[in-house]
Amino acid sequence: MTWIISPLFFSRVLCRAALILFFVAGISLSTVNAFPRNSEISRITKERAAVEQTLENLKLQLEEYQSKLHSTTLKESRSFKVLENIRNQILVLERMIGENQN
C-alpha cells in the first residue's frame, strides 16, 4: 500500500503545526512575562527585609541611647545633689568665719 500525501493534507498539517507553535510561543511569552513579576516581588521582598533590618538596628540603637541618657540623667542628678551639698557647706563655713571674725 502506498501513501500519497495530498497538498491539501500537507497544508492542513502545516497550519496545525503553526497554530501549535503559536500557542506554545504564547505560553512561553506569558511565562517569561511572569518572571519579571516574580523578580519584582523578590526585589520588593528583599527591600522590605532590608528596611526591617534597618528598623531593628535603629530600635536597638534607640534603646542603647535611652539607656545612656537614663544613666547620664542619674549621674547629673547626683552631681547636682553633691553641688548643692557643697554650696550648703560653703554657706555654713562662711557664717562660721563671719562669727569668728566678730
Side-chain angles (χ1 to χ4, degrees):
M1 188 188 257
T2 341
W3 290 80
I4 300 174
I5 301 176
S6 71
L8 182 62
F9 176 77
F10 188 70
S11 73
R12 283 184 183 166
V13 169
L14 282 178
C15 284
R16 288 182 183 160
L19 187 61
I20 290 171
L21 285 174
F22 182 73
F23 180 71
V24 169
I27 291 174
S28 296
L29 288 176
S30 67
T31 305
V32 168
N33 287 337
F35 285 123
R37 289 184 192 140
N38 288 339
S39 68
E40 182 73 12
I41 290 171
S42 176
R43 184 185 63 77
I44 291 170
T45 303
K46 286 179 184 176
E47 284 181 14
R48 179 179 177 168
V51 168
E52 287 176 350
Q53 184 63 44
T54 301
L55 286 174
E56 186 64 30
N57 290 342
L58 289 172
K59 183 179 176 183
L60 291 174
Q61 283 182 353
L62 178 62
E63 289 173 359
E64 180 183 344
Y65 291 146
Q66 285 176 335
S67 175
K68 287 180 180 179
L69 177 62
H70 180 71
S71 175
T72 303
T73 303
L74 286 176
K75 288 177 183 176
E76 182 183 31
S77 176
R78 289 181 191 138
S79 295
F80 277 128
K81 287 179 182 177
V82 168
L83 182 60
E84 187 64 31
N85 188 15
I86 291 171
R87 285 181 184 157
N88 287 336
Q89 288 178 5
I90 289 172
L91 287 174
V92 168
L93 291 173
E94 284 177 347
R95 276 190 228 136
M96 288 173 62
I97 290 172
E99 288 176 5
N100 282 338
Q101 286 178 347
N102 288 336

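The structure presented is a predicted model; accordingly, all values stated were derived computationally and were not measured.
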Can any side-chain N or O of Ser77 pair as donor or acceptor with the backbone N or O of Thr73 at less than 3.5 Å? no
Whether Ser42 side chain and Asn38 backbone form a donor-acceptor pair below 3.5 Å: no
Lys59: what forms a side-chain hydrogen bond (donor to acceptor under 3.5 Å, both in side chains) with it, not counting sequence neighbours? none
Pairwise salt bridge (Lys or Arg N to Asp or Glu O under 4.0 Å) hits with a residue in residues 44-56, at least two apart: Arg43-Glu47, Arg48-Glu52
In chain order, what residues pass the side-chain hydrogen bond (donor to acceptor under 3.5 Å, both in side chains) check against Glu64, with sequence neighbours excluded? Lys68
If hydrophobic residues (ILVMFWY) are linked whenever their side-chain heavy atoms come closer than 4.5 Å, directly or via other members, who joins Ile97 in its cluster? none
Mind checking who shares a hydrophobic cluster with Leu58, ILVMFWY linked at side-chain heavy-atom distances under 4.5 Å? none
Residue pairs meeting salt bridge (Lys or Arg N to Asp or Glu O under 4.0 Å), one or both in residues 88-98, sequence neighbours left out, come to none
Please identify each residue that fulfils side-chain hydrogen bond (donor to acceptor under 3.5 Å, both in side chains) with Arg87, with sequence neighbours left out. none
Using 0.5 Å steps for rounding, measure from the NZ atom of Lys81 to the CZ atom of Arg78. 8.5 Å
Say you draw a straight line from CG of Leu55 to CG of Leu60; how long is it, rounded to the nearest 0.5 Å? 11.0 Å
Answer yes or no: is there a donor N or O on one side and an acceptor on the other, between the side chain of Ser71 and the main chain of Ser67, under 3.5 Å? no
If hydrophobic residues (ILVMFWY) are linked whenever their side-chain heavy atoms come closer than 4.5 Å, directly or via other members, who joins Val82 in its cluster? Ile86, Ile90
Which residues pass the side-chain hydrogen bond (donor to acceptor under 3.5 Å, both in side chains) test with Gln53, sequence neighbours left out? Asn57
